[in-house]
Amino acid sequence: MKILRINMGAEGGPKMSEEPMGEYEGLGGRALTSAIVSKEVPPLCHPLGADNKLVIAPGMLSGTIAAMSGRISVGCKSPLTGGIKEANAGGQPSQVMARLGYAAIVLEGKPKDDTLYKIFINKDGVKVGPDKSLKMLKNYDLIERMKGEHGEKIACISIGPAGEMKMAAASVACTDMELRPTRHAARGGPGAVMGAKGVKVIVLDDAGMKMRDPKDPEKFREANKRWVEGLKKHPVTGEGLPAYGTNILANIINEARAYPTKNFMWGTFEGTQKVSGETQAKTETDRGGSATHGCHRGCTIQCSGIFMDKDGHYLTKQVEYETVWAHGPNCGIDDLDTIAMLDRLDDEYGLDTIEMGATIAVAMEAGVADFGDGEAAIKLLKEVGEGTPLGRILGNGAAVTGKVFGLERVPVVKGQALPAYDPRGIQGIGVTYATSTMGADHTSGYAVATNVLKVGGHVDALKPEGQVELSRNLQIATAAVDATGMCLFIAFAVLDQPDTFQALIDMINAFFGSSLTGDDVTELGKSILKNEREFNTRAGFTAQDDRLPDFFKKETLPEHNLTFLVKDEDLDTLFNW
Amino acid sequence: MTLDPDKIQGFFPLLQCGFMVKVRIGCSIKTMLCEQFGLNPEYVEDRIQTIFLDGKTVDDIDSAIIKDGSTLALSAAMPGLVGATLRRGGHLALLRSGITHRGGRKSVSRREGMVVLKLFNLVGNELGPTFLKRGIFVRREDLEGLLMSLPGEFWGGCKAATVDGQEVGLDHLLGMTWLDNYDFAMLRVHGDL
Ligand code: SF4
């Protein structure tokens with residue numbers, strides 16, 4: 001595997017170089033993006049300046065036959081948080097890029113003018129060329145154009161108008177199995193950094209390339225078989241997620257009275273049943289779509305789906321839990337078709353759905369529109385895509401919008417909007433929101449493998465500081481999974497079935513000829529977090545940035561009469577290990 | 001209503017909205033599920049992994065006591081860190097200790113009462129027929145909304161309908177005037193389900 005570097009600001013136009021992995025040998029996914037960013041990007045640089053780098057890296061096992069191994073990581077200094085960022089996505093590019101032999105593509109420098117470039121990579125090499133005609137194309141139109149130019153057997157990584165306008169909520173889109181731009185590395189604005197590098201699209205074509213070869217093919221195949229069996233027999237990965245997708249959570253979180261409603265004013269939403277995973281799956285199948293679909297080849301869980309409009313025409317992929325919540329209940333909206341349209345527009349413009357939902361809710365609270373007004377939400381999102389003055393404000397996220405409209409209840413940490421769980425209800429999640437190196441991020445502590453990995457030792461469930469210990473362990477385990485390129489949904493099978501976790505380790509070892517143990521995986525997770533934490537410290541972050549917004553400590557969540565109770569001094573111990 | 005077996009799913013949306021059933025209150029969740037509803041204890045243990053009683057997460061189904069008017073929500077195991085956190089028991093329960101059900105006072109008197117049941121996801125699919133056959137009390141607006149939204153294929157599989165013991169035609173049923181004076185209706189489904 002090798003690293004491709006493209007200096008977009010070189011004299012005479014972009015210059016490419018390929019180099020061996022060198023000191024980054026053995027790393028993939030988030031481990032690789034965070035290592036390169038923390039080592040090579042000056043922490044105090046402007047995120048949209050020439051010194052920032054955009055690093056795109058498939059996971060360690062991407063491009064192999066390993067099931068679930070198709071996540072891709074995108075890293076940079078974030079224009080939204082000002083700290084280090086790793087956002088990851090599914091879709092086809094991870095597998096295709098790995099089969100082309102690239103462990104990472106690093107975009108460096110900055111063009112002198114506003115020329116927009118297309119990068120094409122196939123078995124014969126890399127071509128970078130200007131293409132003015134791509135300017136301000138929405139993602140779906142862009143991909144249609146690429147299909148016309150390069151055929152249907154490609155995978156694309158692209159930005160929409162939001163990335164070109166360098167908005168802090170801009171995403172990097174990845175195409176799915178149907179060659180639609182539906183999978184986004186979205187959190188923290190990596191699309192704005194890609195826009196600042198002047199790159200509209202990277203087209204990958206792996207025709208003529210083979211699957212990556214394991215060192216021990218027999219052991220690898222056998223471990224993958226155990227791996228798939230483990231995923232299939234678990235009720236979450238084998239039944240719940242395939243049947244309903246991630247939005248299966250809507251009813252549950254609402255019942256826990258921790259379903260943030262109308263900009264975190266309430267913990268329950270009366271229209272939840274209208275937008276629940278159960279209703280969504282039924283709507284999809286009734287209209288001839290699908291409630292069970294993978295986002296990339298080799299996904300056996302298939303938590304995704306296809307959402308058709310009322311006339312039975314494709315509108316968007318199955319909208320995920322976080323998106324349904326952000327654009328739905330968080331804005332007081334209970335109509336699935338409106339929410340699906342907002343999801344489609346986010347994908348078209350290249351925007352983070354969580355950030356945009358949170359931002360529109362903040363705007364609604366400020367009186368820009370009424371809560372529950374779906375038409376108004378669509379209009380506001382269109383303003384973002386068109387880059388009107390109001391759209392430019394909204395496209396820079398909830399923190400900026402809250403400031404512009406003078407609002408106190410702005411649900412962000414490190415400038416990034418909170419996902420779909422109220423931290424006053426589920427306080428342990430609040431610990432992760434507050435302390436994650438990424439800003440408020442539900443996936444940072446997602447990999448619930450602690451009882452298998454015994455990361456950081458056993459937690460005493462009776463001690464209040466246990467929440468901090470648990471969050472620490474979860475964040476370490478998640479960082480390690482992010483390095484493998486495995487979809488985080490594997491975590492549940494791994495949590496409950498130690499033999500499935502062992503199958504994953506065996507697969508890594510058979511592929512690389514290594515002899516990793518659970519402890520090594522823990523160390524990998526720790527080293528990733530250490531790199532990220534150090535970068536943030538050098539970028540000027542202090543303990544004060546590891547806090548939830550004040551209103552969570554002062555305003556109670558009415559349904560539970562609870563504020564966020566975890567003490568600051570306990571939060572400050574999270575990274576002590 | 002008497003239905004073809006594959007049509008019962010048409011009523012599943014009512015299960016997530018919540019419906020009422022008559023039970024003997026003052027007992028534990030486990031007693032109610034296994035002894036009153038006749039659910040298999042293994043099913044309860046293995047499948048019903050996520051339980052809320054009045055909005056609080058339940059870990060111990062032996063100590064959480066059902067009261068008159070309680071709302072009980074049942075679900076399979078859920079994805080995501082939060083899903084795992086809300087699951088019964090387990091070391092992640094600590095992450096949501098503020099909303100954990102603390103067990104009930106054993107002194108709630110044992111008598112007849114009503115509880116609201118919500119059945120979500122796989123649990124709704126699996127237990128829905130049992131409850132629909134027993135009969136469930138549903139809010140008038142929920143039933144009205146559902147009946148009006150059911151497609152033509154559903155009605156094709158509807159063999160007969162009776163209201164208060166009187167056989168009625170589809171027009172009468174969908175005319176909804178029979179519900180005019182009620183806040184709740186009891187729905188019972190028959191057939192080879
Ligand atoms: S489980 Fe869902 S997110 Fe994960 S790889 Fe499969 S479709 Fe993509």
Side-chain angles (χ1 to χ4, degrees), chain A residues 234-237 239-241 243-244 246 248-249 251-253 255-258 267-268 272-273 276-279 282 286 303 321 420-421 424-429 431-432 442-443 445-448 450-451 458-459 461-462 464 466-467 470-471 474 478 488-489 491-492 495-496 559-560 562 565, chain B residues 9-10 12-18 46-59 71-87 89-100 118-126 128 142 145-146 149-151 153-154:
Chain A
H234 191 276
V236 170
T237 49
E239 292 180 275
L241 277 170
Y244 301 104
T246 52
I248 192 173
L249 280 168
N251 269 325
I252 305 302
I253 307 301
E255 205 55 34
R257 303 176 185 180
T268 47
T272 301
Q273 288 84 31
S276 68
E278 289 88 332
T279 305
K282 186 171 181 316
D286 284 353
C303 80
Y321 167 70
Y421 316 91
R424 292 165 292 190
I426 308 169
Q427 306 239 332
I429 304 299
V431 174
T432 299
H442 60 297
T443 65
Y446 216 77
V448 279
T450 50
N451 61 342
H458 285 289
V459 172
L462 298 173
Q467 309 215 48
L470 264 178
S471 175
L474 293 163
T478 303
L488 273 177
F489 289 125
F492 309 99
L495 165 73
D496 292 333
E559 290 87 342
H560 288 295
L562 276 174
L565 297 168
Chain B
Q9 291 187 6
F12 285 1
L14 293 173
L15 307 174
Q16 56 169 335
C17 297
D46 298 342
R47 188 56 136 187
I48 308 180
Q49 286 280 322
T50 316
I51 299 181
F52 299 94
L53 183 59
D54 297 322
K56 303 266 188 197
T57 320
V58 175
D59 289 314
T71 297
L72 180 70
L74 308 176
S75 155
M78 287 293 99
L81 170 60
V82 177
T85 298
L86 295 173
R87 244 196 248 180
H91 68 311
L92 290 176
L94 179 66
L95 294 175
R96 43 86 176 157
S97 52
I99 61 166
T100 296
K118 295 183 181 178
L119 305 181
F120 296 140
N121 51 68
L122 302 166
V123 172
N125 284 356
E126 288 156 0
D142 291 341
L146 183 82
S149 72
L150 286 166
E153 308 101 72
F154 173 85

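A note on names: the letters A, B, ... follow the listed sequences, proteins ahead of strands, and every chain is numbered from 1. Computed from heavy atoms alone, side chains included, the values below leave out hydrogens, waters and symmetry copies. This is a predicted model, so every value here is computed, not measured.
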Student check: side-chain heavy atoms of A:I252 and B:V82 closer than 4.5 Å:
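A:I252 does not reach B:V82 side chain to side chain.
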
Going by heavy atoms in the side chains, are A:K282 and B:F12 under 4.5 Å from each other?
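No, side chains not in contact.
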
[X] versus chain A, heavy atoms under 4.5 Å apart: side chain, backbone, both or neither?
| X | result |
| --- | --- |
| B:F120 | both |
| B:T50 | side chain |
| B:A77 | both |

What's the separation between atom [atom1] in [X] and atom [atom2] in [Y], rounded to the nearest 0.5 Å?
| X | Y | atom1 | atom2 | value |
| --- | --- | --- | --- | --- |
| A:E239 | B:R47 | CD | CZ | 4.0 Å |
| B:L86 | A:Y421 | CG | OH | 9.5 Å |
| A:E559 | B:I99 | CD | CD1 | 11.0 Å |
| A:E255 | B:L72 | CD | CG | 9.0 Å |

Distance-minimising heavy-atom pair for [X] and [Y]:
| X | Y | value |
| --- | --- | --- |
| B:Q16 | A:Q273 | O-NE2, 3.5 Å |
| B:M78 | A:L249 | CB-CD2, 3.9 Å |
| A:Y244 | B:N125 | OH-ND2, 3.0 Å |

Would you mind telling me which of A:N251, A:I426, A:L241 has the largest number of heavy-atom pairs within less than 4.5 Å of chain B?
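It is A:N251.
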
What residue among A:T246, A:T237, A:I248 forms side-chain contact (heavy atoms from CB on, under 4.5 Å) with B:P79?
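Checked A:T246, A:T237, A:I248 against B:P79; only one passes side-chain contact (heavy atoms from CB on, under 4.5 Å): A:I248.
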
